[in-house]
Amino acid sequence: MTQPDGKRWHDMGGTPAGPVPRDDHDFALWEKRVDALMVLCGGKGLFTVDGLRRALEDMGEDAFETMSYYERWIAAINQNLLESGTYSIEELGARMDEIARRGPSYGEAQDG
């Protein structure tokens with residue numbers, strides 16, 4: 001949806017947003033894995049930066065208000081991999097079920 005100034009909702013350039021935190025922070029393991037997955041899949045030609053940007057922009061305003069940066073990235077990566085036929089929604093669901101049965105933590109998964 002386009003705003004009265006001609007921008008789409010995700011275009012926040014020039015909009016006051018408060019101070020930018022300048023402190024360093026450590027990334028969670030899953031965030032590092034999302035970054036690695038993006039680099040690996042992009043290097044294999046499974047999607048392009050343009051494809052990722054389109055998927056991010058298509059998520060809608062609510063995603064930018066409720067999801068973290070890396071949550072949006074993994075959703076965009078998944079959307080592009082589904083669209084490229086890398087795997088189907090059924091294959092993804094089956095794999096997620098398999099992983100869920102391992103248990104809620106890495107430690108419990110190792111015991112099984």
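- The CD atom of E57 sits 7.5 Å away from atom CZ of F64, with the distance rounded to the nearest 0.5 Å.
- For E83, the side-chain hydrogen bond (donor to acceptor under 3.5 Å, both in side chains) criterion is met by R54, Q79, not counting sequence neighbours.
- With contacts defined as side-chain heavy-atom distances shorter than 4.5 Å, the pair F47/T86 does not qualify.
- Nearest heavy-atom pair, A76 versus M59, reported as atom, atom and distance to 0.1 Å: N-CE, 3.5 Å.
- Residues Y70 and M96 fall within the same hydrophobic cluster, defined by Ile, Leu, Val, Met, Phe, Trp and Tyr side chains chained together at heavy-atom separations under 4.5 Å.
- Without hydrogens or angle criteria, N80 side chain to G51 main chain gives a donor-acceptor distance under 3.5 Å.
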Report all side-chain donor-acceptor pairs from residues 26-37 shorter than 3.5 Å, counting only partners two or more places apart or in another chain.
{"residue": "E31", "atom": "OE1", "partner": "A28", "partner atom": "N", "Å": "2.8"}
{"residue": "R33", "atom": "NH1", "partner": "Y106", "partner atom": "OH", "Å": "2.1"}

What pairs of donor and acceptor atoms, side-chain ones from residues 38-45 against any protein atom, are under 3.5 angstrom apart with sequence neighbours left out?
none

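- Both Y69 and I77 are part of a single hydrophobic cluster, where members link through side-chain heavy atoms under 4.5 Å apart.
- Here T48 pairs with nothing under the side-chain hydrogen bond (donor to acceptor under 3.5 Å, both in side chains) rule; sequence neighbours left out.
- Panel note: side chain R72, backbone L56; no donor-acceptor pair is recorded below 3.5 Å.
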Without placing hydrogens or testing angles, list every side-chain donor-acceptor pair under 3.5 Å for residues 87-95, not counting sequence neighbours.
{"residue": "Y87", "atom": "OH", "partner": "N78", "partner atom": "OD1", "Å": "2.5"}
{"residue": "S88", "atom": "OG", "partner": "E90", "partner atom": "N", "Å": "3.4"}
{"residue": "S88", "atom": "OG", "partner": "E90", "partner atom": "OE1", "Å": "3.4"}
{"residue": "S88", "atom": "OG", "partner": "E91", "partner atom": "N", "Å": "3.0"}
{"residue": "S88", "atom": "OG", "partner": "E91", "partner atom": "OE1", "Å": "3.4"}
{"residue": "E91", "atom": "OE1", "partner": "S88", "partner atom": "N", "Å": "2.7"}
{"residue": "R95", "atom": "NH1", "partner": "E98", "partner atom": "OE2", "Å": "2.7"}

